[in-house]
Student: 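Structure in structure tokens, see below.
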Amino acid sequence: MGCLTCYNKVEEFIGTKFESYAGFVCKHPWKFIFVPLIINGLLGIGLVNLKSDNDVERIYTPMNSQASKDRSTLRKIFGDFSAKNFYTQSQIESGIYGDIIFEAKQGKNILGNLYLSEMKEVYGKISSLQFTDSVGSLSNLSKVCARRDNACVVDGHVIFNPWFQSNLNANTIPYPGSGATSLQGIFGDVVVSNGILTNASFVKLRYHLKHETQTNKDDNILWMASYIKKIEKITTNHTNIYYAHSESLDEELNANIGGDIVFFSLTFTLMIVYATTATSNYKCVSDRQNLGRAGVLAAAFAILGSFGLIAACGLEFVSIVGTMPFLIIGIGVDDMFLLLSGLAETYDCKNALEPEDRIKKTLRSSGVGITITSLTDLIAFLVGASSSFISVRNFCVYTGIAVLFCYLNYVTFFVGCMVIHERRVSGSRHACTCQVISHSKKEGRSNCLQGQPHSCMCTGSIPTKRSEVEGPFEKYPPKIISRLVLQKPIKVIILVGFAVYLGISIWGATKFEQGLTLNDLVTEDSYYYSYSQLNEKYFSSSFAISVNIPNTLKYSDVQTWNKILALQTLLQQDERVENNLRLNWLEEFRNSTVYDGSSEINFISALRSNFLPVNPHFKNDIKFDTSNVTIVASRFYVFSFNVEDSADQGELMKRVRKTASSSVIPEAIVYSPAFIFFEQYVAILPNTLQTLGIATVVIFIVTAIFLPHPVLVLFVTLTLAMILVGLIGFMHFWGLTLSSITMIHIIMSVGFSVDFSAHVCHGFMESAKSNRDDGAKGAIVRAGGPIFNGAVSSILGIIMLSFSKSFIFRSFFKVMLLIVLFGASHSLLFLPVILSLCGPKFKNNGNDEKISSQAEKRDKNQPRSNMKTSHKNEAFGSELSMTNTNSENGVELTKIQPRKLPILPSISNKH
């Protein structure tokens with residue numbers, strides 16, 4: 001009984017605080033209604049400062065990653081050569097470009113003069129494209145292109161050279177190339193026979209742009225915009241054209257998220273309709289549909305206030321934050337149904353209660369419930385805000401603040417609305433008109449669906465029990481569920497069913513993969529989507545890996561060469577690295593006829609005077625000191641195979657780094673621009689596990705504080721684990737992978753998984769029955785309605801997202817649907833069965849004795865008869881007096897007599 005005693009003391013302490021607060025709200029209901037609305041409205045002004053961040057690299061890759069640090073270091077050492085000596089392998093940045101992919105119509109071989117002629121025509125149109133630059137002048141490609149040998153660099157232009165034309169006519173095109181000319185990456189879906197290219201379906205041209213200064217970048221953006229407009233107008237007879245540029249993903253991501261925001265307005269309307277329907281009991285006095293609408297309004301104002309506050313603080317809006325309003329509406333409506341359930345329960349008390357007493361009793365019980373759920377959600381998002389991914393961090397900050405605002409709105413604005421509602425009910429006023437219903441028209445307790453058509457405007461009575469307050473959506477689901485779930489055969493079926501569910505979930509979780517295909521972030525009707533599908537499928541994703549030596553070495557020394565050769569050999573032994581393809585200036589120099597290693601001075605002189613002028617592609621790879629007599633840094637390259645799988649890409653990056661750090665040149669930096677994106681594949685799993693671990697521990701502590709019984713904490717934790725395993729397992733079945741986007745959903749699920757189970761456990765303890773079956777039944781009756789309606793409203797809140805074209809919104813819908821279904825089923829089916837079998841035991845109806853003793857303590861200093869209190873109805877300007885007298889059988893009778901309203905008769909509620 002020690003655990004029960006501890007639970008009762010904590011419950012009494014917290015409940016008393018909520019009761020005192022409720023009393024304060026009852027004294028000033030209109031202030032608590034208008035002040036939150038005004039504050040949220042004023043904070044909403046901050047939306048004028050809302051700024052968005054659509055940089056895919058910045059949002060979806062981890063901050064301060066090793067690759068980003070290496071890039072900063074190499075940028076300082078080698079600088080940028082894109083404006084004068086551009087070579088793809090020596091790029092430090094990801095690159096700025098415009099791409100065109102040509103496809104032979106009807107899948108034919110594109111190696112023909114007819115296709116070549118058409119491609120050359122399109123190439124000429126793009127090369128001569130004119131645009132207005134950042135200073136307002138008319139410019140063309142030469143203003144923005146990356147340059148080499150005073151000419152614009154266009155990968156693939158070699159196919160327009162006489163050399164390629166002659167080989168095409170002779171059917172002797174060498175592949176992957178000849179000498180310094182490489183055709184790899186230009187042709188897609190190739191067929192090669194004895195080193196000769198015999199068939200290809202695709203050709204890709206890439207216009208490289210320079211990016212030395214901010215002015216260059218601004219001009220690049222203007223050129224790319226003109227490029228898209230131009231190429232959209234080009235028509236071809238023999239080829240299909242697919243196109244994109246380096247900023248297409250960012251632009252398309254922003255465009256499709258902006259288009260899907262319209263779904264929120266539809267969702268908001270849908271939630272208003274459902275909240276109105278679910279809370280309506282079709283009785284003119286006790287009807288609660290106005291409270292339903294107020295509940296949705298409270299959540300909407302929370303969204304407005306939180307968005308405005310965070311925007312005013314300067315935190316950028318990222319695309320995935322667009323899903324937050326759908327989430328907050330669901331959380332808010334869940335809290336609303338929990339409070340309304342607690343309010344309805346006050347009508348089942350033995351003694352008739354004043355409106356203020358009903359509000360106090362409601363917050364005493366349901367206040368704890370909404371506090372637990374809000375705290376768990378808030379903690380989960382606050383922990384997520386520490387993520388190294390900006391997308392996760394910003395989403396968690398926006399959503400966490402919105403959860404806090406939502407909670408505050410419900411304990412202020414919505415509770416104030418509840419006070420006004422209860423005063424209206426106690427004054428026997430109509431739900432729509434607020435007009436007092438005369439005594440003669442309250443006979444028979446008819447409702448709006450019965451009797452004459454005029455009855456819905458004229459009849460009604462003050463409710464005396466819970467069933468007269470709740471609507472069909474609130475009272476029937478828990479009744480049906482409680483009758484079915486607690487039958488022994490059904491218990492067995494439920495336990496077996498959840499065992500099967502757990503087994504399937506564990507199997508699916510073992511198959512859950514990592515990785516985010518950035519191309520999936522755009523809609524399928526986007527020009528970028530079509531381009532990216534072909535680019536990934538038919539063109540090689542191999543890349544150059546630079547091995548950078550950032551310190552001074554004596555390169556004429558044979559020992560230095562042996563160290564470099566040893567490292568190069570080790571790297572090329574990796575299973576994903578080409579073992580016969582490399583680009584090493586020192587190796588080429590040593591094998592040349594101009595090599596002089598007699599001294600470091602002679603070595604440098606021969607290198608600068610004789611070797612580099614005829615090998616300009618190596619100029620970017622050697623950094624001399626200011627006097628040009630010492631090499632202070634250098635780099636060479638190895639090349640990867642075609643690595644398509646994201647997990648393999650991340651593992652390759654880790655292996656080459658490990659190889660370099662353990663080599664004879666441990667200070668060497670292994671880098672590729674692709675590593676910036678590979679970092680997410682390495683960081684996402686530890687980030688997710690760390691965040692989940694911290695959130696689970698903190699939520700465990702919070703649960704233990706508010707539900708201080710080890711059995712309850714154990715069951716809540718067990719339910720959380722089962723839901724998380726089920727979520728991850730079924731995400732695999734639904735085609736989702738672990739990424740910075742789904743990581744947000746998993747973090748979100750921690751708070752949601754605790755919400756429903758905490759409601760049931762709290763309802764079980766509040767039921768105060770002497771056996772577990774009755775406790776479980778009471779838990780379903782108390783929490784079942786809010787859980788059912790919360791689940792339905794949450795599904796309605798996200799259902800519109802299933803029609804979205806955005807991967808972000810669709811994946812959010814999928815995961816939220818799984819969370820809601822698993823959370824509701826565990827709470828309404830699994831948890832009641834477990835509590836009925838293994839829940840805390842009550843001895844001699846201990847909770848009833850506890851409640852009686854607490855009531856006696858509160859009334860100890862108050863006379864038990866002829867106690868008269870006065871209550872002023874602030875909502876309608878009337879004053880009611882209440883007289884309590886003891887009847888012969890000890891049951892208190894309450895008479896409410898109106899003052900200042902002569903037309904309102906006395907109402908006697910007898911039980």
Side-chain angles (χ1 to χ4, degrees), residues 51-71 93-96 244-258 260 315-324 381 384-399 513-523 526 528-529 532 535-536 541 543 644-650 653 672-691 731 735-748 804 806-812 814-815:
K51 298 177 181 178
S52 61
D53 188 347
N54 302 309
D55 188 333
V56 173
E57 176 190 314
R58 175 177 146 80
I59 295 173
Y60 295 107
T61 61
M63 295 181 291
N64 300 316
S65 65
Q66 184 61 49
S68 63
K69 293 176 181 177
D70 290 344
R71 180 171 61 182
E93 311 295 337
S94 297
I96 305 176
H245 55 70
S246 52
E247 304 297 320
S248 290
L249 181 56
D250 297 351
E251 293 178 2
E252 290 296 286
L253 179 60
N254 183 50
N256 75 56
I257 289 294
D260 286 332
L315 188 67
E316 297 93 345
F317 174 92
V318 297
S319 53
I320 197 168
V321 175
T323 62
M324 181 269 276
F381 290 121
S386 63
S387 172
S388 61
F389 290 87
I390 289 180
S391 58
V392 178
R393 184 199 67 184
N394 288 19
F395 175 85
C396 288
V397 171
Y398 269 93
T399 310
E513 298 178 352
Q514 300 181 52
L516 171 65
T517 303
L518 295 176
N519 306 332
D520 288 341
L521 297 177
V522 300
T523 59
S526 163
Y528 181 78
Y529 183 85
S532 62
N535 190 47
E536 287 188 0
S541 58
F543 51 90
E644 297 179 353
D645 184 76
S646 58
D648 291 340
Q649 292 170 344
M653 180 181 68
S672 171
F675 284 3
I676 297 292
F677 292 95
F678 293 175
E679 289 285 4
Q680 63 176 311
Y681 310 136
V682 174
I684 191 64
L685 182 59
N687 251 262
T688 303
L689 294 177
Q690 177 181 330
T691 304
M731 283 174 67
L736 297 174
T737 58
L738 179 60
S739 66
S740 55
I741 292 177
T742 53
M743 175 187 174
I744 292 173
H745 304 149
I746 294 173
I747 293 171
M748 178 178 66
S804 172
S806 164
F807 170 80
I808 291 177
F809 279 12
R810 288 200 313 270
S811 64
F812 178 81
K814 292 178 180 180
V815 178

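Every value quoted in this text rests on a predicted model; they were computed, and no experiment measured them.
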Student: Show the nearest heavy-atom pair for residues Leu249 and Tyr528, with the distance to one decimal.
Tutor: CD1-CE2, 3.8 Å

Student: Looking only at heavy atoms, what is the nearest atom pair of Tyr60 and Ser319, with distance?
Tutor: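 Shortest heavy-atom separation between Tyr60 and Ser319 comes out as OH-OG, 2.9 Å.
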
Student: Go through His245 and Glu251 one step at a time and tell me if the side chain to side chain contact (heavy atoms under 4.5 Å, CB included) criterion holds.
Tutor: CA-CA 10 Å; His245 55 70; Glu251 293 178 2; 3.6 Å; yes

Student: Tell me whether Thr742 contacts the main-chain N or O of Thr737 through its side chain, where contact means a donor paired with an acceptor under 3.5 Å.
Tutor: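 Checking the backbone N and O of Thr737 against the side chain of Thr742, a donor-acceptor pair under 3.5 Å is found.
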
Student: Which heavy-atom pair separates Ala385 from Val397 by the least distance, and what is that distance?
Tutor: CB-CG2, 3.8 Å

Student: Between Phe381 and Cys396, which heavy-atom pair has the shortest distance, and what is it?
Tutor: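 That closest heavy-atom pairing would be O-CB, 3.0 Å.
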
Student: Has the side chain of Ser811 got a donor or acceptor atom that lies under 3.5 Å from a matching backbone atom of Ile808?
Tutor: yes

Student: Would you check, one step at a time, whether the test side chain to side chain contact (heavy atoms under 4.5 Å, CB included) holds for Leu315 with Arg393?
Tutor: CA-CA 10 Å; Leu315 188 67; Arg393 184 199 67 184; 3.8 Å; yes

Student: Taking C-beta and beyond as the side chain, do Thr323 and Phe395 meet within less than 4.5 Å on heavy atoms?
Tutor: yes

Student: Under the side chain to side chain contact (heavy atoms under 4.5 Å, CB included) criterion, do Phe389 and Ile684 qualify, and how do the steps go?
Tutor: CA-CA 9 Å; Phe389 290 87; Ile684 191 64; 3.9 Å; yes

Student: Tell me if the centroids of the rings in Phe543 and Phe678 come within less than 6.0 Å of each other.
Tutor: yes

Student: Report yes or no: does Asn687 contribute a side-chain atom to a donor-acceptor pair with the main-chain N or O of Ser387 at less than 3.5 Å?
Tutor: no

Student: Could you pull out the closest heavy-atom pair between Phe677 and Ser94, with the gap in Å?
Tutor: CE1-OG, 3.9 Å

Student: Can you tell me how far the CG atom of Asp53 sits from the CD1 atom of Ile59, to the nearest 0.5 Å?
Tutor: 4.5 Å

Student: Any salt bridge between Arg71 and Glu57, counting N to O under 4.0 Å?
Tutor: yes

Student: Under the side chain to side chain contact (heavy atoms under 4.5 Å, CB included) rule, what do Met731 and Ile746 come out as? Steps first, then yes or no, please.
Tutor: CA-CA 10 Å; Met731 283 174 67; Ile746 294 173; 4.2 Å; yes

Student: Working to the nearest 0.5 angstrom, can you tell me the gap between Ser388 OG and Glu679 CD?
Tutor: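 Those atoms lie 9.5 Å apart.
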
Student: Roughly how far, to the nearest 0.5 Å, is the OH atom of Tyr681 from the CG atom of Asp645?
Tutor: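 Reported to 0.5 Å precision, the distance equals 9.0 Å.
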
Student: Closest heavy-atom contact between Gly384 and Ile747?
Tutor: CA-CD1, 4.1 Å

Student: Could you measure the distance from the CG atom of Asp70 to the CD1 atom of Ile676? Nearest 0.5 Å is fine.
Tutor: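 Reported value, rounded in 0.5 Å steps: 8.0 Å.
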
Student: Identify, with sequence neighbours excluded, every residue that meets side-chain hydrogen bond (donor to acceptor under 3.5 Å, both in side chains) alongside Ser646.
Tutor: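 Counting only residues at least two positions away or on another chain, Ser646 forms no side-chain hydrogen bond (donor to acceptor under 3.5 Å, both in side chains).
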
Student: Could you give the distance from CG (Asn394) to CD (Glu316), rounded to the nearest 0.5 Å?
Tutor: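 Reported to 0.5 Å precision, the distance equals 6.0 Å.
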
Student: In Å, rounded to the nearest 0.5 Å, how long is the span from CE of Met743 to CD of Gln680?
Tutor: 12.0 Å

